[in-house]
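Let me begin by presenting the structure, written as structure tokens, before commenting on it.
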Amino acid sequence: MIIPGELLSRHSPIRIGGPAQYLALPDSINSLLEVLEAISCGRLPGPVRFIGNASNLLFPDTGMAGTVISLKRMSGFRILEDGVVEAEAGAYLPRLAFHAARKGLDGFGFMSGIPGTVGGGVVMNAGTRTSEMAEVLLEVKVVDRSGCLHSFSRKELSFGYRSSPFQCDHSPMGKGLREEYAIVGATFAGFQGDSSRLMDEWVELRSERSRTQPLSMPSLGSVFRNPSGHYSGRLIEQAGWKGKFSGGIQVSSLHANFFVNAGNGLSRDFRGLMDSVRDSVHRNSGVLLEAEVELLPDLSPASV
Ligand SMILES: Cc1cc2nc3c(=O)[nH]c(=O)nc-3n(C[C@H](O)[C@H](O)[C@H](O)COP(=O)(O)OP(=O)(O)OC[C@H]3O[C@@H](n4cnc5c(N)ncnc54)[C@H](O)[C@@H]3O)c2cc1C
């Protein structure tokens with residue numbers, strides 16, 4: 001499905017974002033290849049941006065030029081008898097964690113509260129205090145702009161705290177992967193566990209999140225990375241920002257590293273609040289916070 005002028009706010013967990021010139025939602029590798037072909041022969045415009053559930057992305061208010069390709073409809077996965085999981089890029093992490101637990105496959109519980117996809121999870125090396133994507137990853141499959149499939153084994157890739165080789169300009173294939181290549185799937189390995197214990201753990205992790213994070217409000221999760229030896233939420237709270245507003249965006253009064261959309265919040269409110277909070281925390285504690293949320297540049301045709 002290809003939609004011209006689709007509002008990105010409709011595809012954003014924080015409900016922010018102007019129109020994409022085109023939004024493509026392929027539901028298979030073949031339909032993704034058709035979209036890439038249409039771009040390479042000029043039937044659809046560039047630049048291209050691949051996205052998953054956009055749960056770590058702040059879209060610009062003025063929208064995005066070119067073609068945004070969301071892989072969230074490529075959402076299938078299979079859990080094999082030997083504990084290997086084969087997933088398409090759009091597989092939803094909490095769903096994967098749920099089915100792994102139900103089958104007695106351990107190692108996936110940490111994904112239960114991360115509202116992203118396999119593709120976005122690998123790019124971000126998403127994780128919690130207990131584990132991260134790199135811990136269970138075996139292989140990543142990507143498609144390049146000319147439609148060729150490549151795979152990378154875990155050994156070829158080096159991951160860090162919320163970072164992967166797919167984020168930088170020197171990806172395993174020598175180019176910025178996010179613009180040039182789509183992650184189309186990944187393979188993971190778990191280990192044998194007890195399904196009723198794992199199901200209990202899944203429920204407990206979900207309810208712990210509901211107690212400690214503002215999940216009833218639209219957000220992008222943690223706004224800033226945790227600096228080594230600190231928690232960003234605590235530093236923001238100590239600087240007096242809990243509950244404060246910038247336009248329609250509020251520093252959550254439950255967890256200060258979450259900014260929530262309290263109604264009609266805009267990207268510019270979110271960015272303004274980030275700048276003010278960063279400056280204030282720096283003055284207060286000497287620690288310079290680094291963004292975890294990715295701020296997409298304003299590429300609307302009107303501003304180019
Ligand atoms: C309530 C809430 C709680 C959260 N909790 C956590 C947490 O505990 N731990 C954590 O690590 N994160 C957390 N997050 C952040 C977010 O869910 C993760 O970063 C997640 O991995 C992003 O996945 P996504 O599919 O939404 O990716 P997106 O936000 O869509 O994209 C992330 C990046 O990956 C790129 N990308 C996405 N898919 C592809 C693809 N198929 N091919 C190539 N590039 C791609 C995008 O261009 C972008 O650069 C939370 C977010 C929310 C809203």
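In this chain, numbering begins with 1 at the start of the sequence shown. Every number for a ligand or one of its atoms is a count from 1 in the order of the listing.
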Open item on the list: Between ligand 1 and Ser222, is the shortest N or O to N or O distance under 3.5 Å?
Closed with: no
Open item on the list: Has Asn125 got a side-chain atom pairing as donor or acceptor with Glu132's backbone, closer than 3.5 angstrom?
Closed with: no
Task: Over all atoms of both residues, closest heavy-atom pair of Phe188 and Ala87 - done: CE1-CB, 4.3 Å
Open item on the list: Only heavy atoms of Arg49, strictly under 4.0 Å: list the atoms of ligand 1 that pass.
Closed with: 46 (C), 47 (O), 48 (C), 49 (O)
TODO: Mark up the atoms of ligand 1 that fall under 4.0 Å of a heavy atom belonging to Gly121, in ascending order.
DONE: 21 (O), 23 (O)
Open item on the list: Under a 4.0 angstrom heavy-atom cut-off, which atoms of ligand 1 come close to Leu220?
Closed with: 51 (C), 52 (C), 53 (C)
- [ ] Scan Phe258, Phe259, Phe245 and name whichever one has a ring-ring contact (aromatic ring centres under 6.0 Å, His included) with Phe270.
- [x] Phe259
Open item on the list: Using modelled atom types and a 3.5 Å cut-off, is there a donor and acceptor pairing between side-chain atoms of His230 and backbone atoms of Ser232?
Closed with: no
Open item on the list: Using a 3.5 Å cut-off on N or O atoms only, is Ile114 in polar contact with ligand 1?
Closed with: no
Task: Asn261 side-chain N/O to Ile14 backbone N/O, donor-acceptor pair under 3.5 Å - done: yes
TODO: Find the distance between CG (Leu32) and OG (Ser70) and round it off to the nearest 0.5 Å.
DONE: 11.0 Å
Task: Backbone or side-chain N or O of Leu215 under 3.5 Å from ligand 1 N or O - done: no
Open item on the list: Donor-acceptor check, side chain of Arg154 to backbone of Leu157, threshold 3.5 angstrom: yes or no?
Closed with: yes
Task: Ser219 N/O under 3.5 Å from ligand 1 N/O - done: no
Task: Under 3.5 Å: donor-acceptor pair, side chain of Asn53, backbone of Thr117 - done: no
TODO: Give yes or no for whether the N/O distance cutoff of 3.5 Å, strictly under, is met between Gly52 and ligand 1.
DONE: yes
- [ ] Report the part of Pro13 in contact with ligand 1, treating N, CA, C, O as backbone and CB onward as side chain, heavy atoms under 4.0 Å; options are side chain, backbone, both, neither.
- [x] neither
TODO: Could you tell me if any non-hydrogen atom of Met133 lies under 4.0 Å from any atom of ligand 1?
DONE: no
Open item on the list: With nothing but distance in play, are any N or O atoms of Gln213 less than 3.5 Å from an N or O of ligand 1?
Closed with: no
- [ ] Apply the side-chain contact (heavy atoms from CB on, under 4.5 Å) test between Ile236 and each candidate in Val223, Val277, Asn284; give the one that qualifies.
- [x] Val277
Task: Shared hydrophobic cluster, Leu266 / Leu57 (ILVMFWY, side-chain heavy atoms < 4.5 Å) - done: no
Task: ligand 1 atoms in contact with Leu71 (distance to a heavy atom under 4.0 Å) - done: 41 (N)
- [ ] Return the option from Thr128, Val293, Asn125, Ile183 holding the heavy atom at the smallest distance from atom 43 (C) of ligand 1.
- [x] Ile183
- [ ] Between Arg209, Met74, Glu132, flag the one that comes closest to atom 5 (N) of ligand 1 by a heavy atom.
- [x] Arg209
- [ ] Could you list the atoms of ligand 1 found under 4.0 angstrom from a heavy atom of Met124?
- [x] 19 (O)
Open item on the list: Tell me the contacting part of Glu294 for ligand 1: side chain, backbone, both, or neither, using a 4.0 Å heavy-atom threshold, strictly below.
Closed with: side chain
- [ ] Could you list the atoms of ligand 1 found under 4.0 angstrom from a heavy atom of Ala182?
- [x] 42 (N)
Task: Per atom 34 (O) of ligand 1, closest listed option by heavy atom (Leu57, Leu58, Val48, Val123) - done: Val123
Open item on the list: Which of the numbered atoms in ligand 1 are under 4.0 angstrom from any heavy atom belonging to Gly127?
Closed with: 7 (C), 8 (O), 9 (N), 10 (C), 11 (O)
Task: Interfacing atoms of ligand 1 (cut-off 4.0 Å, heavy-atom, Ala54) - done: 26 (O), 28 (P), 29 (O), 30 (O)
TODO: Scan side-chain atoms only and decide if Asp144 and Ser146 contain a donor-acceptor pair under the 3.5 Å cut-off.
DONE: yes
- [ ] Check the hydrophobic clustering (I, L, V, M, F, W, Y; side-chain heavy atoms under 4.5 Å; chains of links allowed) and say if Val203 and Leu105 are grouped together.
- [x] no
